[in-house]
Amino acid sequence: MASTACFMIVSRNDIPIYEAEVGTALKKEDAAHQHQFILHAALDIVQDLAWTTSAMFLKAIDRFNDLVVSVYVTAGHTRLMLLHDSRNDDGIKSFFQEVHELYIKILLNPLYLPGSRITSSHFDTKVRALARKYL
Amino acid sequence: MIGVGKIKQYTNVLDKPLSRGKQEVSLKRRLEDAGYAVGARVLELLCHRDKGNRRETRLLGILSFVHNTVWKVLFGKVADSLEKGTQHEDEYMISEKELLVNRFISIQKDMGTFNCGAFVAGIVRGVLDGAGFPAVVMAHFVPVEGQQRPRTTILIKFAEEVLEREARLS
């Protein structure tokens with residue numbers, strides 16, 4: 001079953017530091033731009049919601065047509081955002097938790113500047129594998 | 001610790017063309033920046049490892065997180081005391097009788113008011129900044145009667161937006 005999914009990591013300063021199209025649907029030229037636009041538009045909502053709860057996983061916070069935006073906010077206010085069309089809440093939560101652990105490992109590298117782009121191909125491979133597993 | 005010792009060695013070896021004042025300030029800034037990098041990472045790691053993925057959204061919450069969890073992981077014990085400033089609403093102080101980084105370092109007389117606790121002040125600032133509570137953090141020596149060495153106080157002064165948000169949330 002084809003599913004669209006766009007995953008993005010946005011830093012505290014609202015700069016995307018990692019993005020990946022992880023859906024199984026066929027890639028369309030303009031879809032990627034639209035996905036990024038929808039995710040950026042959802043940032044305001046995330047900012048308000050983040051201060052109302054001490055949980056990290058904020059479920060579905062925004063909708064666009066039949067696409068849903070789910071967000072996971074880390075302690076350092078780095079946002080892991082996923083745009084998807086499925087309703088698999090548990091799978092998405094597990095996906096976020098595993099990516100969070102990967103992110104912490106990247107952060108612990110003393111040569112990594114927090115807030116800069118994540119360029120590790122190892123990280124990219126792992127995220128895509130997790131997406132295939134959980135989404 | 002080793003880093004601070006090396007920096008002191010470095011400053012002693014140099015034949016000072018710059019005035020003493022400038023060197024102190026740049027040393028302090030370098031220590032604070034080093035601490036800031038540590039603080040940002042410590043925040044993420046501890047929230048994930050020790051706090052079961054729960055973020056801090058309130059002022060007292062993040063202060064007690066620093067005072068208990070962060071201190072325990074860094075120095076093996078909780079900080080000696082956490083006080084609210086009496087003169088200003090936005091000031092808080094974490095005091096330590098003998099801060100680990102100051103324990104084996106003696107300050108030369110002509111270094112004036114330089115405090116190696118600037119490293120720890122940087123760590124605290126990194127944690128607070130990362131969690132969304134911007135603040136100015138400084139380390140001071142406070143002489144105590146009956147004790148030969150002064151105790152160290154980390155003074156935290158929160159930015160206005162933090163207090164506004166606290167007022168809004170409560």
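Model, not experiment: these values are computed from the prediction. We name chains A, B, ... by the order of the sequence lines, and we start the count at 1 in each one.
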Practice task
List the atom of Arg12(A), the atom of Asp129(B), and the distance in Å for their closest heavy-atom pair.
Solution key: NH2-O, 3.0 Å
Practice task
Return yes when atom NZ of Lys97(B) has more than 12 non-hydrogen atoms of other residues, nucleotides or ligands closer than 6.0 Å, and no otherwise.
Solution key: no
Handout entry: Heavy-atom neighbours of Asp90(A) CG exceed 12 at 6.0 Å
Key = no
Practice task
Let me know if Phe57(A) has heavy atoms under 4.5 Å from chain B in its side chain, its backbone, both or neither.
Solution key: neither
Handout entry: Approximate separation, where rounding is to 0.5 Å, of Arg49(B) CZ and Ile104(A) CD1
Key = 9.5 Å
Exercise for the section: Measure distances from Thr53(A) to the heavy atoms of chain B and classify the residue's part below 4.5 Å as side chain, backbone, both or neither. Expected result: both
Practice task
Answer yes or no: does atom NZ of Lys84(B) have more than 12 heavy-atom neighbours from other residues, nucleotides or ligands under 6.0 Å?
Solution key: yes
Problem - Heavy-atom contact with chain A under 4.5 Å, split by part of Leu43(B) - result: both
Fill in the blank from the handout: When the 4.5 angstrom heavy-atom criterion is applied to Asn109(A) and chain B, the contacting part is backbone
Practice task
For residues Cys47(B) and Met56(A), determine if any side-chain heavy atom of one lies less than 4.5 Å from a side-chain heavy atom of the other.
Solution key: yes
Exercise for the section: Hey, could you give me the NE2/CZ distance between His77(A) and Arg55(B), rounded to the nearest 0.5 Å? Expected result: 5.5 Å
Practice task
Count the heavy atoms belonging to other residues, nucleotides or ligands that lie under 6.0 Å from CZ of Arg117(A), then report whether that count exceeds 12.
Solution key: yes
Problem - Arg165(B), part contacting chain A, at a heavy-atom distance under 4.5 Å - result: side chain
Exercise for the section: Please answer: with hydrophobic residues joined when any side-chain heavy atoms are less than 4.5 Å apart, are Tyr134(A) and Tyr18(A) in the same cluster? Expected result: yes
Problem - Nearest non-hydrogen partners of Thr78(A) and Glu44(B), listed with the distance - result: OG1-OE2, 4.0 Å
Handout entry: Residue pair Arg41(B) / Leu107(A): nearest heavy atoms and the distance that separates them
Key = NE-O, 2.7 Å
Practice task
Check the hydrophobic clustering (I, L, V, M, F, W, Y; side-chain heavy atoms under 4.5 Å; chains of links allowed) and say if Ile92(A) and Val69(A) are grouped together.
Solution key: no
Handout entry: Region of Phe133(B) that comes under 4.5 Å of a non-hydrogen atom in chain A
Key = side chain
Practice task
Count the heavy atoms belonging to other residues, nucleotides or ligands that lie under 6.0 Å from CZ of Arg128(A), then report whether that count exceeds 12.
Solution key: yes
Exercise for the section: Indicate if Val137(B) and Val101(B) have the same hydrophobic cluster label, given that clusters are the connected sets of ILVMFWY residues with side-chain heavy-atom separations under 4.5 angstrom. Expected result: yes
Problem - Phe75(B) CZ: over 12 foreign heavy atoms closer than 6.0 Å - result: yes
Practice task
Any chance you could measure Arg168(B), atom CZ, to Trp51(A), atom CH2, to the nearest 0.5 Å?
Solution key: 9.5 Å
